[in-house]
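Along the sequence shown, residues are numbered consecutively beginning with 1.
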Amino acid sequence: MVDTSLYAAFLAAAFALCVAPGPDMMFIVAMGGRGGPVTGVLAALGVAAGALVHAVSAALGLSALFTTLPVLYHVLRWLGAAYLLHLAVKAFRDRSPLATEEDGTAAAGPAAPGRRRAFWQGAVTNLLNPKMILFNVAFLPQFVNPALGHVSWQLLMLGLTLVLMGFTVDVSVGLLSGRLSSALRGSRRVARGLNIFSGTVFTGLAVRLVAAPD
């Protein structure tokens, strides 16, 4: 279904992209830092769910909407920035401590984002980034061999591979950031520092989303 030589090149390029720090990775670090390992993993799962939607959309050609309706791109971009700023404000205003359970795991408390909420925030943040669709459209076709036919299926397989690879890397990042935060819990000063870090990350991502060249 895919060209094996092109697929091998794709795997190498995709791995380099996945391990390079980017907006999704920084979002997961921030969520894992505030909520612990499980929250970090669920944030990574949410990001992967959003990436999956983008990959399927690219394979189905839905990205052509950005060509015919340019305003849609800008609407989504500003909605994404507004949502990230909303998360930033919540993090900056949160001054409660990050408590721990007796076994050292994160306790459910006001400072730690809910686990289910972490998943949805990851998914929404990714879905409201229209540049993800444009990235798929620009990147994936380079590794498609039209002579093999079934171009949409080739795009879908490449997109699914990218999602799985990214999820594997992001889960590792979420676990590491969550475990580090768990080791530092119990201090109100540390808790405040993690909230400030999260708010700064969310603000930076929002600025990047609206300020980067189209």
Check: M31 and L42 side chains under 4.5 Å, non-hydrogen atoms: no

Non-hydrogen side-chain atoms of M132 and N129 separated by less than 4.5 Å: yes

Residues clustered with V53, ILVMFWY side-chain links under 4.5 angstrom: L127

Test item: L175 and V38 side chains (from C-beta on) under 4.5 Å apart, heavy atoms: no

V19 and F15, any side-chain heavy atoms less than 4.5 Å apart: yes

Which residues share a side-chain hydrogen bond (donor to acceptor under 3.5 Å, both in side chains) with D24, sequence neighbours left out: N126

Side chain to side chain donor-acceptor pair (under 3.5 Å) pairs, two or more places apart, involving residues 148-166: Y7-T161

Pairing residues for F10 by the ring-ring contact (aromatic ring centres under 6.0 Å, His included) criterion, not counting sequence neighbours: F139, F143

Heavy-atom side-chain contact between C18 and T168 under 4.5 Å: no

Side-chain touch V47/T125, heavy atoms, less than 4.5 angstrom: no

Ring pair (Phe, Tyr, Trp, His ring centres under 6.0 Å) pairs, two or more places apart, involving residues 29-58: none

Results of side-chain hydrogen bond (donor to acceptor under 3.5 Å, both in side chains) for S5 - residues two or more places apart only: D3

